[in-house]
Structures are given as C-alpha cells and as structure tokens.
Student: 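Have a look at the structure that comes next, please.
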Amino acid sequence: MDKTKIAVLVSGGGTNLQALIDAQKSGVLHSGEIALVISNNAIAYALTRAAEAGIPALTITKKDCGSQEAFEDALIRALDDHCIELIVLAGFMSILSERFTHHFEKRIINVHPSLIPSFCGKGFYGLKVHEAALAYGVKVTGATVHFVNEIPDGGQIILQKAVSVLPGDTPKTLQKRVMERAEWIILPEAAELVSSRIKKEKEYRQ
Ligand code: GAR
C-alpha cells in the first residue's frame with residue numbers, strides 16, 4: 001500500500017520541516033512521505049530546505065490571492081493536485097478558517113511550542129509563546145502536537161512533551177530548548193502515528 005502523502009505548510013525557518021525530512025531519512029517517519037511543501041512566505045528558509053531535500057515546493061500568499069477565501073481555495077487546489085492526505089502545519093503562521101479545517105477534518109496536525117492549554121490560541125505564536133511563559137513564571141513548559149479544528153490550538157491533543165524552564169532563560173534560549181527537546185521529537189512521531197492510521201484505513205477499505 002502507498003505511503004500517506006504529506007504536505008508540510010511553513011512560513012519561516014523550517015526547523016520542524018527539517019526534523020520531518022530527517023525523520024523520513026532515519027525511518028522514524030516511514031508510513032508517510034513528504035510530497036509537497038507550501039510556504040505562505042516567498043523568502044522562507046524552509047523553501048531552501050525543501051529544495052535541498054528534493055521536495056516539490058510552492059509559495060502561496062494571501063496577498064497574491066487577495067482574500068482569505070481565495071488563499072484557502074489556492075491551498076486546497078494545490079493539496080488536491082498533489083493527492084495530499086495529511087497536512088502538517090510546521091511553523092505555519094496563518095490561521096485557517098472553519099471551511100478549510102472542515103474540508104480536511106482529522107487530516108491536519110499542528111505543532112505548538114507550549115503545553116496546551118497554556119499559552120495558546122490567537123496571538124500566541126513563535127517567540128511570543130516563550131515570552132508569555134517566562135512572564136508568567138512557569139517552571140515547566142514544552143510542546144504539543146494536536147489535530148487542527150476551527151478553534152486556534154483547540155483540536156484534540158496527539159502528543160505532548162515537557163521541558164524545564166531554567167534560571168536565566170530568555171525567550172530565545174527557551175525556544176531553542178523546547179524545539180530541540182520536544183518539537184523536533186514529537187512532530188515526526190505524531191506525523192508517523194497519523195500517517196500510519198490513514199494508511200491502515202486505506203488498506204481496510206480495499
Ligand atoms: C516553532 O517553534 C513552532 O512550534 C512555532 O513556530 C516555530 C516555527 O519554527 N509555531 C507556532 O507558534 C504556531 N502557533 P520553524 O519554522 O523553525 O519550524
């Protein structure tokens with residue numbers, strides 16, 4: 001049976017995309033294959049990572065499309081053209097509408113750099129999440145991979161991993177530790193779990 005076809009949606013540096021590419025090479029991710037990368041930012045370094053790994057990549061921006069609806073229509077067209085079965089949001093800094101999330105119910109996963117339900121939802125992204133965790137004074141934070149529904153960071157949790165906050169941490173040192181010790185580990189693991197479930201469903205239907 002064919003592997004689950006994965007699209008990774010990115011906006012920036014793409015270290016989580018790199019973790020997925022590396023997991024595919026090492027075999028941690030073996031039930032799915034990264035078939036497409038889509039960036040909503042033409043100068044995202046993630047596009048270079050995709051090119052170096054020989055993965056087809058596209059840039060689709062809301063600005064070029066003119067509206068959220070047209071942007072999501074263009075995303076859906078590209079995903080359908082590549083027969084994508086699982087969408088991984090890996091640092092994708094755009095909130096998707098209910099129309100989009102319903103279209104791909106239980107087929108979109110996201111990595112978020114905190115232990116949901118802390119420091120999540122609208123306005124909590126990237127470094128801001130770690131700034132908020134340090135301002136609150138938590139001693140433990142981490143990362144979460146969850147299914148994506150119409151509520152920002154509100155879908156069912158798939159995996160979480162805790163990471164200690166250390167004295168003297170800055171948002172940047174904390175972000176780096178959360179990435180290295182949590183995100184880059186649980187995102188590939190969750191992608192494998194969901195890819196394997198989708199692959200088994202296909203086998204069952206045949
Ligand atoms: C990651 O820390 C990811 O968890 C976060 O943005 C960073 C992207 O880094 N995503 C969010 O905050 C989404 N709410 P990357 O481009 O190097 O993977």
Side-chain angles (χ1 to χ4, degrees), residues 6-24 28-29 34 36-53 55 57-62 75 87-97 100-101 108-136 138 140-165 169-191:
I6 302 173
V8 185
L9 272 52
V10 295
S11 300
T15 63
N16 279 290
L17 167 65
Q18 191 64 53
L20 290 162
I21 292 168
D22 294 347
Q24 192 168 283
V28 168
L29 174 57
I34 309 166
L36 180 65
V37 169
I38 302 179
S39 174
N40 67 346
N41 166 13
I43 58 163
Y45 187 68
L47 289 167
T48 305
R49 296 182 191 273
E52 279 170 2
I55 301 166
L58 298 170
T59 298
I60 302 175
T61 70
K62 193 152 114 181
L75 288 177
I87 301 163
V88 178
L89 307 184
F92 185 63
M93 301 302 180
S94 176
I95 292 180
L96 296 162
S97 74
F100 187 93
T101 58
I108 315 174
I109 66 173
N110 177 51
V111 63
H112 182 76
S114 75
L115 294 174
I116 289 176
S118 290
F119 313 117
C120 64
K122 211 161 179 268
F124 286 99
Y125 56 88
L127 220 47
K128 286 180 193 286
V129 179
H130 305 292
E131 283 164 7
L134 289 173
Y136 200 96
V138 293
V140 175
T141 183
T144 303
V145 180
H146 61 93
F147 283 109
V148 174
N149 65 9
E150 67 283 4
I151 303 159
D153 298 323
Q156 188 192 346
I157 290 173
I158 304 166
L159 291 175
Q160 288 189 303
K161 195 164 188 290
V163 174
S164 295
V165 178
D169 260 339
T170 64
K172 284 212 162 142
T173 60
L174 186 56
Q175 178 183 53
K176 185 165 179 279
R177 189 175 319 110
V178 168
M179 282 178 157
E180 287 172 354
R181 304 214 181 155
E183 295 185 50
W184 301 343
I185 299 164
I186 63 171
L187 182 61
E189 284 177 0

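Bear in mind the structure is a predicted one, so any value in this text is a computation, not a measurement. Each ligand, and each atom within it, is numbered from 1 in the order the structure gives. Basis for what follows: all heavy atoms, side chains included, without hydrogens, waters or symmetry-related copies.
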Student: As an exercise, identify every atom of ligand 1 less than 4.0 angstrom from a heavy atom of F124.
Tutor: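 The list of qualifying atoms is 14 (N).
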Student: Geometry only, no angles: is G126 polar-contacting ligand 1 at N/O separations under 3.5 Å?
Tutor: yes
Student: With the side chain counted from C-beta on, respond yes when K128 and E131 share a heavy-atom pair under 4.5 Å apart, and no when they do not.
Tutor: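 Yes, side chains in contact.
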Student: Looking at atom 6 (O) of ligand 1, what's its closest protein heavy atom, distance included?
Tutor: M93 CE, 3.2 Å
Student: How about I87 and F92: do any of their side-chain heavy atoms sit closer than 4.5 Å?
Tutor: no
Student: Are K128 and ligand 1 in contact, using a heavy-atom cut-off of under 4.0 Å?
Tutor: no
Student: Between N41 (side chain only) and S11 (backbone N and O only), is there a donor and an acceptor less than 3.5 Å apart?
Tutor: yes
Student: For ligand 1, is there an atom lying under 4.0 Å from some heavy atom of V10?
Tutor: no
Student: Is a side-chain donor or acceptor of R49 paired with a backbone partner of G14 at a separation under 3.5 angstrom?
Tutor: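 Yes.
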Student: Is the shortest N/O to N/O distance between N110 and ligand 1 below 3.5 Å?
Tutor: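 In this structure, N110 places no N or O atom under 3.5 Å from an N or O of ligand 1.
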Student: Sort out for me which residue in R177, E183, K176 forms a side-chain contact (heavy atoms from CB on, under 4.5 Å) with E180.
Tutor: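 That would be K176.
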Student: For S114, give me all partners under side-chain hydrogen bond (donor to acceptor under 3.5 Å, both in side chains), at least two apart in sequence or on another chain.
Tutor: H112
Student: Any nitrogen or oxygen of T15, main chain or side chain, under 3.5 Å from a nitrogen or oxygen of ligand 1?
Tutor: yes
Student: Which atoms from ligand 1 have a heavy atom of H112 less than 4.0 Å away?
Tutor: 14 (N)
Student: Roughly how far, to the nearest 0.5 Å, is the NZ atom of K62 from the CG atom of L75?
Tutor: 11.0 Å
Student: Can you sort out the partners of D22 under side-chain hydrogen bond (donor to acceptor under 3.5 Å, both in side chains), two or more places apart, ordered by chain and number?
Tutor: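 Testing D22 for side-chain hydrogen bond (donor to acceptor under 3.5 Å, both in side chains), a comparison that skips the adjacent residues, returns Q18.
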Student: What protein heavy atom lies closest to atom 9 (O) of ligand 1? Include the residue and the distance to one decimal.
Tutor: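 Nearest neighbour among protein heavy atoms for atom 9 (O) of ligand 1, to 0.1 Å: M179 CE, 3.4 Å.
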Student: Provide the number and element of each atom of ligand 1 under 4.0 Å from a heavy atom of E183.
Tutor: 1 (C), 2 (O), 3 (C), 4 (O)
Student: Which residue and non-hydrogen atom of the protein lie closest to atom 8 (C) of ligand 1, and at what distance in Å?
Tutor: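 Result for atom 8 (C) of ligand 1: G91 CA, 3.6 Å.
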Student: Judged by atom type as modelled, is there a donor-acceptor pair below 3.5 Å linking the side chain of T170 to the main-chain atoms of T173?
Tutor: yes
Student: Look at atom 16 (O) of ligand 1 and find which of G14, S39, G12 reaches it with the closest heavy atom.
Tutor: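 The nearest heavy atom belongs to G14.
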Student: Does some non-hydrogen atom of F92 fall short of 4.0 Å from ligand 1?
Tutor: no
